[in-house]
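Scroll down for the structure; my scribbles are underneath it.
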Amino acid sequence: MASLNVGNLGEYLREQRRNAQLTLRQLADAAGVSNPYLSQIERGLRKPSAEILQQLAKALRISAETLYVQAGILDERDRDEAEVRSVILADPSINEQQKQVLLQIYESFRKENGLSTDDASKHSS
């Protein structure tokens with residue numbers, strides 16, 4: 001796992017919060033974190049957990065994977081794969097069995113093209 005890049009993460013979070021036209025307090029309330037804690041994250045003084053990043057992403061209506069990449073928890077390739085999986089799993093128009101089949105097909109294409117989930121995890125360590 002890469003070290004957390006909290007400075008860039010804080011700047012990115014502040015930018016996303018401003019784009020969403022939320023005050024620091026509004027985002028803190030929506031994400032279920034304290035106002036001072038969020039302020040410290042934005043200023044690069046705190047390293048939020050993956051769970052806190054997920055809460056912030058949900059409140060900002062952006063993908064958690066995007067914040068994980070900004071924080072250095074995921075690399076770009078991992079994020080792309082996670083987003084594909086998330087979209088498939090979140091699709092209400094297909095049932096669970098169909099979702100699993102799609103994920104299996106997706107993984108088989110990745111393996112065929114030389115990049116399986118196992119390979120991606122080796123690159124990110």
Side-chain angles (χ1 to χ4, degrees):
M1 178 187 302
S3 64
L4 291 179
N5 192 349
V6 288
N8 289 345
L9 172 64
E11 293 169 20
Y12 182 79
L13 271 174
R14 183 179 300 115
E15 181 182 314
Q16 293 303 309
R17 178 177 57 78
R18 289 179 176 159
N19 288 343
Q21 299 181 330
L22 294 171
T23 65
L24 193 69
R25 185 169 306 282
Q26 288 170 325
L27 177 56
D29 289 345
V33 298
S34 74
N35 193 42
Y37 182 63
L38 179 57
S39 176
Q40 291 171 346
I41 294 170
E42 283 194 0
R43 290 182 287 141
L45 302 175
R46 291 288 188 142
K47 297 177 182 180
S49 67
E51 183 179 329
I52 296 296
L53 290 173
Q54 189 172 22
Q55 290 169 226
L56 289 167
K58 185 175 180 183
L60 288 167
R61 296 188 175 139
I62 61 176
S63 83
E65 288 80 10
T66 300
L67 290 184
Y68 296 160
V69 169
Q70 288 294 320
I73 295 172
L74 277 181
D75 75 14
E76 202 71 34
R77 279 185 300 238
D78 293 338
R79 183 193 71 175
D80 293 343
E81 179 190 355
E83 285 181 350
V84 169
R85 291 177 180 281
S86 295
V87 168
I88 291 170
L89 292 171
D91 190 334
S93 66
I94 58 177
N95 67 39
E96 289 306 311
Q97 182 181 4
Q98 292 166 330
K99 290 175 185 181
Q100 292 309 311
V101 170
L102 268 177
L103 289 173
Q104 289 170 357
I105 293 168
Y106 174 65
E107 186 58 31
S108 72
F109 284 149
R110 287 177 53 82
K111 284 179 183 173
E112 183 178 308
N113 292 331
L115 186 64
S116 69
T117 304
D118 294 337
D119 292 338
S121 64
K122 288 175 192 166
H123 293 301
S124 64
S125 27

Discussion item. Applying side chain to side chain contact (heavy atoms under 4.5 Å, CB included) to L53 and I73, what does each step give before you reach the verdict?
Written reply: CA-CA 10 Å; L53 290 173; I73 295 172; 3.7 Å; yes
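Counting heavy atoms of neighbouring residues, nucleotides and ligands inside a 6.0 Å radius, atom CD of Q55 exceeds 12 of them.
Summarising the geometry, atom NZ belonging to K99 is positioned 6.5 Å from atom CG belonging to L89; distances are rounded to the nearest 0.5 Å. For the atom pair CD of Q16 and CD of E42, the computed distance is 11.0 Å after rounding to the nearest 0.5 Å. Atom-to-atom distance recorded for L60:CG and N19:CG is 9.5 Å, nearest 0.5 angstrom. Note that the CG atom of L56 and the CD1 atom of I41 stand 5.5 Å from one another [nearest 0.5 Å]. Between the CD atom in Q26 and the CG atom in N35 there is a gap of 10.5 Å [rounded to 0.5 Å]. Note that CZ of R43 is 10.0 Å distant from CG of L38, once rounded to the nearest 0.5 Å.
Between R18 and E15 no salt bridge is recorded (no basic side-chain N to carboxylate O distance below 4.0 Å).
Counting only distance, with no hydrogens or angles, the side chain of E11 and the backbone of N8 share no donor-acceptor pair below 3.5 Å.
Summarising the geometry of A71 relative to L9, their closest heavy-atom pair is CB-CD2, 3.9 Å, with the distance given to 0.1 Å. Among all heavy-atom pairs drawn from A59 and A30, the shortest one is CB-CB, 3.7 Å. Between Q54 and Y68, the shortest heavy-atom distance links the atoms CB-OH, 3.8 Å. The shortest non-hydrogen separation linking Y37 to K47 is OH-O, 4.1 Å.
The side-chain heavy atoms of P48 and L13, taken from C-beta on, include no pair separated by under 4.5 Å.
In the hydrophobic clustering of this structure, V87 does not group with V69; members are Ile, Leu, Val, Met, Phe, Trp, Tyr whose side-chain heavy atoms approach within less than 4.5 Å, directly or through other members.
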